[in-house]
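Scope of the values below: all heavy atoms of this structure, side chains included, with no hydrogens, waters or symmetry mates.
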Amino acid sequence: MKKFLLFCVVFLALTQTSKATEISNPFYLPPKETISLSTTISYQKFHVQKLINGYQDYRTRNRFIEENFMYGVAPKVSILASISNKWERKNFDNSTLTDKTDSNVNWNLGALYELYNKNDIKFHLKLRYLQKETHHFGGAYKAFNINAKTGYLTKYLLPYIGAEIELPIAQKKTADNNEKYDIFAGFYKNFSDIIAFDGIVHYNYDKLYKSKKLNGKAVLSLYITEKLALSGFFDYTFFDRGKNNADANSHTIGTSIQLEF
């Protein structure tokens with residue numbers, strides 16, 4: 001019986017032939033007076049192999065749950081917000097955490113604006129205020145984040161590039177008052193309005209820790225209906241190097257459900 005129900009779900013997904021919104025598209029913008037919700041659950045393994053801040057060969061195993069919200073306030077403008085929680089189950093010395101200090105609640109609020117969408121050229125600008133609770137520094141990290149990306153829709157796929165800068169607000173409990181930079185490139189491909197693939201590579205530089213990070217992410221989405229998509233993703237860090245000869249690697253695997261109504 002379970003196999004039959006699974007077959008029915010897959011059959012309905014594969015026979016779905018049209019979707020108006022394409023909510024997995026990296027340039028997705030919800031229509032006016034429309035809400036988009038995305039729930040993501042993921043698991044990350046992080047490993048520092050070389051000396052950093054007095055610790056050596058430590059590991060963390062992080063579990064994330066994140067909720068993203070978008071609302072179309074105008075044909076080209078959406079407000080957005082997200083909240084997430086991260087549990088770190090290992091200390092720097094690899095001992096297991098037993099209290100509630102391993103819970104980090106992060107949130108952000110902002111807006112997404114479609115600056116240009118003509119002749120298959122797209123350009124989006126995203127502005128956000130974000131706040132991250134972190135027990136590492138004993139307080140909240142606060143910053144403004146600016147993200148811009150552009151893409152060109154060809155006959156076969158949608159390649160795109162972009163850049164992001166994060167500007168911390170004067171921190172009292174932390175020393176992190178240095179900006180962070182990120183540049184990225186990717187491509188998006190829709191297969192017969194049923195399956196979509198998004199692949200992206202990021203290069204990130206953190207001025208405080210003088211760290212350079214290169215990671216890639218692959219996302220595969222399956223459309224159950226025209227307004228409901230299920231996705232799975234894998235994120236792998238090729239290198240993550242900083243001062244004190246720190247050298248880390250990590251990978252993240254997760255799933256999400258996206259809904260428009």
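For the residue pair E67 / T39, a side-chain donor-acceptor distance below 3.5 Å is found, with atom types taken as modelled. Looking only at atom types and distance, the side chain of S24 has a donor-acceptor partner in the side chain of Y188 under 3.5 Å away. A donor-acceptor contact closer than 3.5 angstrom is absent between the side chains of Y156 and N190. Counting only N and O atoms by type, the side chains of E22 and Y223 include no donor and acceptor under 3.5 Å apart. Side chains of E166 and Y141: a donor on one and an acceptor on the other come within 3.5 Å. Between the side chains of N108 and Q131, no donor N or O sits under 3.5 Å from an acceptor N or O. For the residue pair S250 / T237, a side-chain donor-acceptor distance below 3.5 Å is found, with atom types taken as modelled.
For the atom pair S38 OG and Q258 CD, the distance stands at 4.5 Å (nearest 0.5 Å). Between the CD atom of E164 and the CG atom of N204 there is a distance of 8.5 Å, given to the nearest 0.5 Å. Note that CG of L222 and CD1 of I257 are 11.0 Å apart. Values are rounded to the nearest 0.5 Å. Residue K212 holds its NZ atom at 11.0 Å from CG of D240, rounded to the nearest 0.5 Å. Going from atom CG of L37 over to atom CD of E260 covers 10.5 Å, rounded to the nearest 0.5 Å. The CZ atom of F123 sits 5.5 Å away from the CG atom of L115 when rounded to the nearest 0.5 Å.
For the pair R63 and I65, the minimum side-chain heavy-atom distance is 4.5 Å or more. K122 has its side chain out of reach of Y152: every pair of non-hydrogen atoms, C-beta onward, lies at least 4.5 Å apart. Counting heavy atoms from C-beta outward, Y71 and E33 have side chains that approach closer than 4.5 Å.
Figure legend: K149 and F27 shown as a cation-pi pair, the cationic atom lying under 6.0 angstrom from the six-membered ring centre and within 45 degrees of its axis.
The salt bridge (charged side-chain N to carboxylate O under 4.0 Å, His left out) analysis of residues 178-188, with sequence neighbours excluded, yields the pairs D176-K180, E179-K207.
Annotation for V219: hydrophobic cluster partners, listed by chain and number, are F233 (ILVMFWY side-chain heavy atoms under 4.5 Å, direct or chained).
The main-chain N or O of S231 is found under 3.5 Å from a side-chain atom of T255 such that the two form a donor-acceptor pair. With hydrogens and angles disregarded, no donor-acceptor distance shorter than 3.5 Å links the side chain of K217 to the backbone of V201. No donor-acceptor distance shorter than 3.5 angstrom exists from the side chain of D120 to the backbone of T154, with no hydrogens or angles considered.
The shortest non-hydrogen separation linking A148 to F184 is O-CZ, 4.1 Å. Across all non-hydrogen atoms, the minimal contact from K189 to F191 is CG-CZ, 3.3 Å. F187 approaches Y160 most closely through the heavy-atom pair N-CE2, 3.7 Å. The shortest heavy-atom contact between L153 and L158 is N-CD1, 3.6 Å.
Put simply, Y205 and I161 are part of two different groups of oily side chains (I, L, V, M, F, W, Y) that touch within less than 4.5 Å, one to the next.
If you look at Y203 and Y181, their ring centroids are not closer than 6.0 Å.
In K32, the NZ atom is not crowded: 12 or fewer heavy atoms of neighbouring residues, nucleotides or ligands sit closer than 6.0 Å. More than 12 heavy atoms of other residues, nucleotides or ligands lie within 6.0 Å of CD1 in I121, so this atom counts as buried by the packing criterion.
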Yes or no on side chain to side chain contact (heavy atoms under 4.5 Å, CB included) for S36 and Y28, after CA distance, side-chain angles and deciding distance? CA-CA 10 Å; S36 170; Y28 167 74; 3.5 Å; yes
Between L80 and R128, is the side chain to side chain contact (heavy atoms under 4.5 Å, CB included) condition met? List the steps. CA-CA 8 Å; L80 49 87; R128 293 180 298 161; 3.7 Å; yes
Please walk me through it: do L112 and L29 pass side chain to side chain contact (heavy atoms under 4.5 Å, CB included)? CA-CA 8 Å; L112 176 64; L29 195 72; 3.4 Å; yes
From CA spacing to verdict: side chain to side chain contact (heavy atoms under 4.5 Å, CB included), F64, S84: CA-CA 7 Å; F64 297 84; S84 65; 5.6 Å; no
Worked check of side chain to side chain donor-acceptor pair (under 3.5 Å) between D206 and N178: CA-CA 8 Å; D206 187 327; N178 298 272; over 6 Å; no
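Residues meeting the ring-ring contact (aromatic ring centres under 6.0 Å, His included) test with Y43, sequence neighbours left out: none.
Note: F238 and Y236 have perpendicular aromatic rings, judged against thresholds of 30 and 60 degrees for the angle between ring planes.
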